[in-house]
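Everything on this sheet refers to the single structure shown next.
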Amino acid sequence: MAKQTGIVLFTGKLENQVGYRRNGNYFIRAMAQTVRQTSATRWSAREFGMASQKGRLIRHAIAPLLDMIPDNTCVNRLKSTDQGWE
């Protein structure tokens, strides 16, 4: 992973390189040459995708009831097991 420091910063795919932004910084990395997936891996990916969609629906439904300021880390705080509740 290399950090982009030039004048022209990009996100997305450019030939075999992928540019992305994380925490306000721009990075670039090489694309994977091959991706091998078994049928079990594909099944798990589908299950994870469906669970993520359902989780999003739940988070959006309860958001007005929470006393939290929404930001980019809100999802992580809602999924965390260390809530400080006793």
Side-chain angles (χ1 to χ4, degrees):
M1 170 173 56
K3 189 173 183 179
Q4 296 182 45
T5 58
I7 296 172
V8 178
L9 304 174
F10 77 96
T11 60
K13 186 171 132 180
L14 180 65
E15 293 184 8
N16 67 340
Q17 303 292 316
V18 177
Y20 60 98
R21 182 178 171 192
R22 174 183 252 171
N23 295 331
N25 296 316
Y26 289 85
F27 297 95
I28 191 167
R29 63 180 167 84
M31 286 179 43
Q33 296 296 323
T34 59
V35 177
R36 295 184 344 199
Q37 288 189 336
T38 64
S39 59
T41 304
R42 286 189 294 274
W43 180 82
S44 292
R46 272 195 306 274
E47 289 288 313
F48 180 80
M50 288 190 296
S52 295
Q53 288 176 346
K54 305 303 185 219
R56 181 176 185 224
L57 289 172
I58 293 168
R59 285 192 308 274
H60 284 276
I62 66 170
L65 305 174
L66 298 175
D67 188 23
M68 297 172 68
I69 299 172
D71 59 7
N72 290 340
T73 63
C74 183
V75 171
N76 295 331
R77 290 195 312 265
L78 287 174
K79 294 188 303 184
S80 174
T81 57
D82 182 24
Q83 295 292 333
W85 298 332
E86 295 183 24

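Heads up: numbering here begins at 1 and tracks the sequence.
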Contact summary for [X] and [Y], nearest pair of heavy atoms:
{"X": "Arg21", "Y": "Thr11", "answer": "N-CG2, 3.9 Å"}
{"X": "Arg42", "Y": "Gln37", "answer": "NH1-O, 2.9 Å"}
{"X": "Pro64", "Y": "His60", "answer": "CD-O, 3.7 Å"}

* Quick one: does Arg22's side chain have a donor or acceptor within less than 3.5 Å of a partner on Phe27's backbone? ->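 Here the side-chain-to-backbone pair does not exist.
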
* Answer yes if Leu14 and Ile28 sit in the same cluster of Ile, Leu, Val, Met, Phe, Trp and Tyr residues linked by side chain heavy atoms under 4.5 Å apart, and no otherwise. =>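 Linked, Leu14 and Ile28 end up in one cluster.
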
* To do: Name all residues meeting the side-chain hydrogen bond (donor to acceptor under 3.5 Å, both in side chains) criterion together with Thr38; count only those two or more places apart in sequence or in a different chain, and write none if there are none.
  =>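 For Thr38 the side-chain hydrogen bond (donor to acceptor under 3.5 Å, both in side chains) partners, ignoring immediate neighbours, are Thr41.
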
* Asked: So with a 6.0 Å cut-off around CD of Glu15, is the heavy-atom count from everything else above 12?
  ->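 No, CD of Glu15 has 12 or fewer neighbouring heavy atoms, counting only those of other groups under 6.0 Å.
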
* Separation of Lys54 NZ from Met50 CE (nearest 0.5 Å) ->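 Spacing of CE (Met50) from NZ (Lys54) equals 7.5 Å.
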
